[in-house]
Amino acid sequence: MEYLHIFAELVVGFAALFLITKFLGKTQITQITTFDFVSALVLGELVGNALFDKEIGLGQILFAVFLWGVLIYFTEYLTQRYKRMRRFLEGEPSIVIKKGKIVYDSLKKNHLDINQLQHLLRSKDIFSIRECEYAILETDGTVSVLKKPEYSSPAAKDFKIQLQPEELPVTLVLDGEIVTDNLHMIHWDESRLQTELKGWGAKTVKDVLYAEWKKGEPLHVQTF
């Protein structure tokens, strides 16, 4: 009976968490801000702790998840409607490097030391502070950077090169299965796909680990 009770609570809790996260949107998954991160943790803990408390039933779990979801939704509504609330709850970006100089007061305000700043810069392919013109600490803890002109990668327009518009690649086969919707999107049928795959040495779709289509380029195929 105890196992059945745990099973029922786990299934109901899983369904409730899934519905709430779908209702609240993708911010609870991507953890855009510190507040979103904490709210996601608490939401999971509400269900996790309830599973091992024999005095808490399915009704209490659903009520707790629903109430927390309403509170988060109301908070998100306030941040979207009122800019002052947005700044209070989500914070605001801070300039930590300005015109090549570290803004120490901004680092101190955000409890960020030089080593942490260097780590964030390296994640943006900047291995020396002298390469950075501006760095902005975002509300999610990441850093956005603008390199000094002499360290920036040249763009095609710098060489006056005419480029064709970029097209998104489309996955046609994944783990031996045809992605039917993508196949229809590029106006292909299965027979055409089979013909293309045979040209890569694949007897059937089951032999293909990954196949990708991109306009104007040959099909990219990798077999198992």
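Throughout, numbering of the chain's residues begins at 1 and tracks the sequence.
- Salt bridge absent: Lys98 and Glu133 never bring a charged side-chain N and a carboxylate O closer than 4.0 Å.
- Side-chain atoms of Asn182 come within 3.5 Å of backbone atoms of Thr171 as a donor-acceptor pair (strictly under, hydrogens ignored).
- When side chains are defined from C-beta on, Glu196 does not count as touching Trp213, because their heavy atoms never get closer than 4.5 Å.
- Considering every non-hydrogen atom in both Leu183 and Asp189, the closest pair reads CD2-C, 3.8 Å.
- Counting heavy atoms of neighbouring residues, nucleotides and ligands inside a 6.0 Å radius, atom CD of Glu190 does not exceed 12 of them.
- Atom CZ of Phe127 has more than 12 heavy atoms from other residues, nucleotides or ligands within 6.0 Å.
- Hydrophobic clustering (ILVMFWY, side-chain heavy atoms < 4.5 Å, transitive): Ile129 and Ile126 are in one cluster.
- Looking at heavy atoms from C-beta onward, Leu197 lies out of side-chain contact with Leu172 at the 4.5 angstrom threshold.
- Smallest separation of non-hydrogen atoms from Lys203 and Lys198: O-CE, 4.1 Å.
- Looking at Gln116, Glu138, Lys124 one by one, the single match for side chain to side chain contact (heavy atoms under 4.5 Å, CB included) with Val143 turns out to be Lys124.
- The side chain to side chain contact (heavy atoms under 4.5 Å, CB included) with Val96 is formed by just one residue from the set Leu117, Asp105, Ile102, Val103; it is Leu117.
- Put simply, CD1 on Ile136 and OG on Ser94 are 9.5 Å apart, with the number rounded to the nearest 0.5 Å.
- Of all the heavy atoms in Glu212 and Pro169, the pair that sits closest is CD-CB, 3.4 Å.
- At least one side-chain heavy atom of Leu174 sits under 4.5 Å from a side-chain heavy atom of Tyr210.
- Taken together through direct or relayed side-chain contacts under 4.5 Å among Ile, Leu, Val, Met, Phe, Trp and Tyr, Ile114 and Tyr134 form parts of separate hydrophobic clusters.
- Taking hydrophobic clusters as Ile, Leu, Val, Met, Phe, Trp and Tyr residues chained together by side-chain heavy-atom distances below 4.5 Å, Trp188 shares a cluster with Val221.
- Between the CD atom of Gln118 and the CG atom of Leu112 there is a distance of 10.5 Å, given to the nearest 0.5 Å.
- Here the closest heavy-atom approach between residue Leu120 and residue Gly141 is recorded as CD2-O, 3.8 Å.
- The side-chain hydrogen bond (donor to acceptor under 3.5 Å, both in side chains) search around Glu150 returns none, not counting sequence neighbours.
- Atom CD1 of residue Ile178 and atom CG of residue Asp181 lie 12.0 Å apart, to the nearest 0.5 angstrom.
- Glu131 places none of its side-chain heavy atoms less than 4.5 Å from the side chain of Leu121.
- Remark: Ser123 pairs with no residue by the side-chain hydrogen bond (donor to acceptor under 3.5 Å, both in side chains) rule, at least two apart or across chains.
- Side-chain atoms of Thr223 never come within 3.5 Å of backbone atoms of Asp207 as a donor-acceptor pair (strictly under, hydrogens ignored).
- Rounded to the nearest 0.5 angstrom, Met185 CE and Leu168 CG are separated by 8.5 Å.
- A heavy-atom distance below 4.5 Å is not found between the side chains of Val205 and Glu177.
- The number of heavy atoms from other shown groups lying within 6.0 Å of NZ (Lys148) is above 12.
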Go through the steps for Asp175 and Leu209 under the test side chain to side chain contact (heavy atoms under 4.5 Å, CB included), then give the verdict.
CA-CA 5 Å; Asp175 292 326; Leu209 173 65; 3.5 Å; yes

